[in-house]
Amino acid sequence: MDRTDKAWQEEQKRVEYVADQIEKRIRRLESEVTVVREDVVGMRRDFWDEVTVNFSEADDVGETSTSLRQQSQVLSDRERSHLHASAALGKMKRLKQSPYFGRIDFAEEGGEEEAIYLGIASLLEEGDEEFLVYDWRAPISNLYYDGVPGPASYMTPSGQIEGTMSLKRQFVIHGRVIKLMFDTGVTIGDEMLQQVLSRSSDAQMKSIVATIQKEQNRIIRNDHSRMLIVQGAAGSGKTSAALQRVAYLLYKHRERLNADQMILFSPNPMFNSYVSTVLPELGEENMQQTTFQEYLEHRLGREFQLEDPFVQIEYVLTGTEDEDYKHRISGIRYKSSSLYLDAVNRYKQWLEKKGMKFRPIRFQGQTVVDAEEIARKFYDYDPAITLANRCELLKEWLLKELAAFGKSQLDAPWVEEQIQLLDAEDYQRAYQRMRRKQRGAGTSFNDYEDEKEILGRMVVSDRLKPLRRWVKTLRFVDVTTLYTQLFDHPEIAAELGLEDLPEDWREIGRQTVDKIRAGEMFYEDITPFLYLKELVLGFHSNTDIRHVIIDEAQDYSPFQLFFLKRLFPRARMTALGDLNQAIYAHASVLQQSATLTDLYGTAESELIVLKQSYRSTREIVEFTKRMIAGGEEIVPFNREGEKPLVRVLQNREDMDREIQRDLLSLRADGYETIAVICKTAEQSEQVHEMLAQALPAKLIKKTTLSFEKGIHIIPAYLAKGVEFDAVLIYDGSNRNYTKEAERKLFYTACTRAMHLLHVYSAGEPSRFITESDPSAYIQA
């Protein structure tokens with residue numbers, strides 16, 4: 001619309017009026033926050049002055065307790081007031097930056113037409129019940145994302161509302177000024193998306209509420225699926241939609257759902273930083289964020305040196321000369337599969353009848369209960385009792401055996417020796433026990449005999465305390481041997497009826513057992529080991545979490561997803577991924593969609609496929625989509641740019657010089673985030689060393705915690721989930737990227753580019769490029 005247009009002028013007046021109302025609200029809230037904060041500070045400082053403290057009589061103690069509760073309640077109320085006022089102030093300040101982004105005119109059947117303005121938070125007219133701005137998550141706001149002018153309806157908690165939408169208008173507002181305004185039809189207009197997508201990449205992901213597309217809105221407002229699977233092309237907005245989904249659910253279910261009951265599993269620690277501002281930008285608290293590896297370290301990191309997925313993929317990419325390489329790859333694929341999950345479940349059933357392994361209970365070199373006796377006791381229990389419950393019964397029996405053993409040691413020479421070594425503090429403890437014993441018995445006692453008995457009991461109890469703790473934590477169950485005997489004894493696999501074992505099962509077993517006996521564990525073994533441990537000892541489950549979001553779900557195996565479902569039994573799950581970015585050696589869970597739907601049942605599962613790619617220019621998408629099977633279904637957004645450039649150099653030295661020259665040029669041209677993407681971490685370190693003398697480049701490692709603007713040197717597998725203004729692929733030659741297993745890694749690296757993509761090749765370019773349409777890129 002033209003800025004002289006009457007509609008534009010009327011809308012500009014309204015923006016100024018709403019901005020005035022927001023500024024008034026901000027001034028009032030700032031004053032309220034200041035007053036309440038001073039009250040809270042004063043109450044904390046003078047807390048004890050306001051409390052009546054008297055412990056001389058029982059009645060006075062009660063009065064003191066009441067006074068404490070009353071003062072604590074007053075302080076708690078003021079603190080809540082401060083929290084609510086601060087949150088409201090934060091929302092108003094965000095609204096001040098851009099009061100709203102959309103308008104729909106809607107007339108309910110039999111009612112008058114109303115103009116509905118949408119923003120990131122609601123705003124009521126001062127002293128009135130009329131909405132100046134509706135929250136984008138309100139039921140009526142769904143018309144903006146899914147509706148078209150004409151007959152329209154939206155769903156509310158009380159039922160469906162029918163009516164007519166006559167207008168759908170979009171705005172770009174900065175402060176008090178409309179920068180862009182246009183009316184649109186079916187979808188959110190390309191003009192606004194063009195403006196958003198043409199900007200430089202930020203150090204953190206931004207909210208997309210103003211540009212949510214219809215298919216993304218299906219993800220956000222899906223409130224019925226227990227398992228929501230989102231398969232989306234690179235740059236299709238999967239993660240953005242999932243985060244808006246969190247904000248929507250927190251808004252819709254605010255009476256019974258909070259951010260602490262939702263958890264996001266990210267691909268790496270840096271990604272957590274990248275997405276950390278989205279929810280606060282929408283006025284919501286951040287949910288819990290972690291990585292699956294961090295959870296595994298929490299559970300098993302004290303027992304073993306755990307391999308992580310990045311070390312595993314480095315081996316897959318660089319370990320081809322290792323004589324055991326093919327056995328390792330075979331093991332990765334099998335141990336991550338549903339077949340192995342079935343094998344572990346069969347093994348658990350086998351253990352119910354025989355084969356359990358225990359550690360003997362030993363004290364100072366003396367066997368208290370040997371392993372064979374523990375095993376006999378275990379299998380004497382009713383076979384109908386689960387493994388975990390039998391282990392609990394064993395624990396109680398062993399504690400009694402320890403208590404009896406402790407009594408038998410009271411007259412042992414070592415006890416007498418320890419009594420002689422006790423210090424004054426130990427004697428004081430014994431004296432206090434004697435006093436308690438005297439009060440309980442109500443009779444006199446022989447000081448020497450009682451003292452010796454109590455000191456002896458104290459010495460034995462203290463010495464046995466670590467052993468009792470060891471028993472209470474079920475350490476007498478030898479889970480490590482239980483896991484390795486599955487590989488150590490081929491006859492067990494035969495008894496279990498495992499017919500789909502890899503041909504090199506013995507070699508896989510040897511690798512596995514050697515690794516575990518060295519106190520280490522392959523990444524592909526960690527989840528199965530933990531699952532077996534929980535089958536035997538009892539499951540650790542978290543019933544507080546109500547929603548789990550798994551980003552880059554294609555990197556998870558069927559075994560891992562099943563384990564997460566067991567870990568969060570009351571939670572709904574949203575799994576986001578792109579099968580074309582499944583770069584790990586194991587089968588992706590997205591390749592077996594039946595596995596995902598089986599987790600919660602077909603009736604409670606839904607698959608949404610996103611085919612439109614928004615991140616990259618049309619030219620970059622047309623280039624990358626030719627690299628992968630089914631790429632023809634990816635639809636690029638209509639944003640024009642330069643064709644990808646493939647630079648063919650004679651050798652590495654020429655390639656390094658060319659990259660340095662181009663990086664300097666790109667910085668001068670204003671590109672704020674630039675990535676030099678390498679194949680491996682080792683290659684990234686070499687490139688960083690080469691560039692660091694001439695340019696301020698940051699090396700991204702698996703331990704990097706924050707994403708910042710600037711030049712990044714990064715392995716391809718760590719770049720997933722983030723985006724850059726310009727991407728330079730280091731050594732995209734056929735020598736470096738030629739194996740079919742590397743195709744998706746190369747595709748992933750190229751799809752990180754928003755505006756510009758250069759591929760540098762020392763020698764002949766990768767076949768993933770040359771097998772493509774030569775008109776899709778420029779070769780120089």
Side-chain angles (χ1 to χ4, degrees), residues 76 79-88 90-91 94 118-122 134-142 145 154-159 205 207-209 212 216-230 238-266 272 275-292 295 540-551 553 561 564-576 596 599-601 603-606 608:
S76 180
E79 286 175 334
R80 274 196 297 273
S81 297
H82 180 260
L83 189 65
H84 292 156
S86 297
K91 285 182 180 179
R94 284 187 289 274
L118 281 66
I120 64 168
S122 298
Y134 282 83
D135 192 295
W136 67 277
R137 296 165 292 188
I140 197 170
S141 303
N142 203 36
Y145 296 113
Y154 65 95
M155 186 62 68
T156 71
S158 57
M205 182 180 283
S207 160
I208 61 164
V209 293
I212 292 169
Q216 294 168 335
N217 197 43
R218 282 181 60 206
I219 298 167
I220 293 167
R221 294 176 189 261
N222 182 303
D223 199 23
H224 57 273
S225 300
R226 188 100 190 273
M227 163 59 87
L228 178 62
I229 309 157
V230 181
K238 300 181 293 293
T239 304
S240 296
L243 292 171
Q244 319 300 313
R245 171 170 168 74
V246 171
Y248 171 76
L249 293 172
L250 288 172
Y251 172 85
K252 182 175 181 181
H253 304 293
R254 53 192 176 276
E255 299 300 325
R256 53 189 175 89
L257 183 67
N258 60 60
D260 286 339
Q261 294 174 298
M262 310 183 87
I263 188 168
L264 167 67
F265 281 91
S266 302
N272 286 337
V275 301
S276 62
T277 59
V278 174
L279 289 172
E281 199 177 287
L282 296 170
E284 301 291 351
E285 292 181 24
N286 259 325
M287 62 187 148
Q288 297 184 59
Q289 293 176 226
T290 188
T291 65
F292 189 52
Y295 173 75
H540 285 66
S541 59
N542 186 325
T543 56
D544 293 331
I545 295 295
R546 298 306 175 87
H547 207 113
V548 176
I549 295 177
I550 299 175
D551 206 353
L561 259 290
L564 283 175
K565 195 246 184 177
R566 289 289 301 255
L567 178 61
F568 303 107
R570 297 182 65 185
R572 294 171 181 258
M573 188 178 287
T574 301
L576 320 158
L596 283 173
L599 283 177
Y600 295 96
E604 292 191 278
S605 303
E606 183 172 351
I608 295 177

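The first residue of the sequence shown is numbered 1, and numbering continues consecutively from there. Remember, it's a predicted structure, so these values are computed and weren't measured experimentally.
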Notebook entry, point to check: Do Trp136 and Ile212 come close enough that some side-chain heavy atom pair is under 4.5 Å?
Noted result: yes
Checklist line | Minimum heavy-atom distance Leu249-Met262, with the two atoms named | finding: CD1-CE, 3.9 Å
Next item on the list: To the nearest 0.5 Å, tell me how far Gln244 CD sits from Ile219 CD1.
Entry: 11.0 Å
Check: Which heavy-atom pair separates Asn542 from Pro569 by the least distance, and what is that distance?
Finding: O-CD, 3.7 Å
Next item on the list: Measure across Arg221 and Ala138 and return the closest heavy-atom pair with its distance rounded to 0.1 Å.
Entry: NH1-O, 3.6 Å
Margin query: Surrounding CD of Gln288 (heavy atoms of other residues, nucleotides or ligands, distance under 6.0 Å), is the total greater than 12?
Written below: yes
Checklist line | Residue pair Thr290, Phe265: steps toward the side chain to side chain contact (heavy atoms under 4.5 Å, CB included) verdict | finding: CA-CA 5 Å; Thr290 188; Phe265 281 91; 3.6 Å; yes
Check: What are the two closest non-hydrogen atoms of Gly601 and Ser605, and how far apart are they?
Finding: O-OG, 2.8 Å
Check: Distance-only, no hydrogens or angles: does the Glu604 side chain make a donor-acceptor pair with backbone N or O of Arg226 under 3.5 Å?
Finding: no
Note to self: Please check: side-chain N/O of Asn142 versus main-chain N/O of Tyr154, any donor-acceptor pairing under 3.5 Å?
What the structure shows: no
Check: Which residues pass the salt bridge (Lys or Arg N to Asp or Glu O under 4.0 Å) test with Arg137, sequence neighbours left out?
Finding: Asp135, Glu284
Checklist line | Under 3.5 Å: donor-acceptor pair, side chain of Gln261, backbone of Asn258 | finding: yes
Next item on the list: Work out which heavy atom in Ile549 is nearest to a heavy atom in Ala242; give both atom names and the distance.
Entry: CD1-O, 4.0 Å
Next item on the list: Determine, stepwise, if the pair Leu561 / Met573 fulfils side chain to side chain contact (heavy atoms under 4.5 Å, CB included).
Entry: CA-CA 10 Å; Leu561 259 290; Met573 188 178 287; 3.5 Å; yes
Notebook entry, point to check: Is the closest side-chain heavy-atom distance between Phe292 and Leu564 below 4.5 Å?
Noted result: yes
Notebook entry, point to check: Cation-pi between Arg254 and Tyr251: NZ/CZ under 6.0 Å from ring centre and within 45° of the ring axis?
Noted result: yes
Next item on the list: Go through Asp551 and Val275 one step at a time and tell me if the side chain to side chain contact (heavy atoms under 4.5 Å, CB included) criterion holds.
Entry: CA-CA 11 Å; Asp551 206 353; Val275 301; 5.9 Å; no
Margin query: Looking at every non-hydrogen atom in both residues, tell me the closest pair between Ile220 and Tyr248 and how far apart they are.
Written below: O-CD2, 3.2 Å
Notebook entry, point to check: What do the steps show when you test Arg245 against Leu228 for side chain to side chain contact (heavy atoms under 4.5 Å, CB included), and what is the final call?
Noted result: CA-CA 11 Å; Arg245 171 170 168 74; Leu228 178 62; 3.8 Å; yes
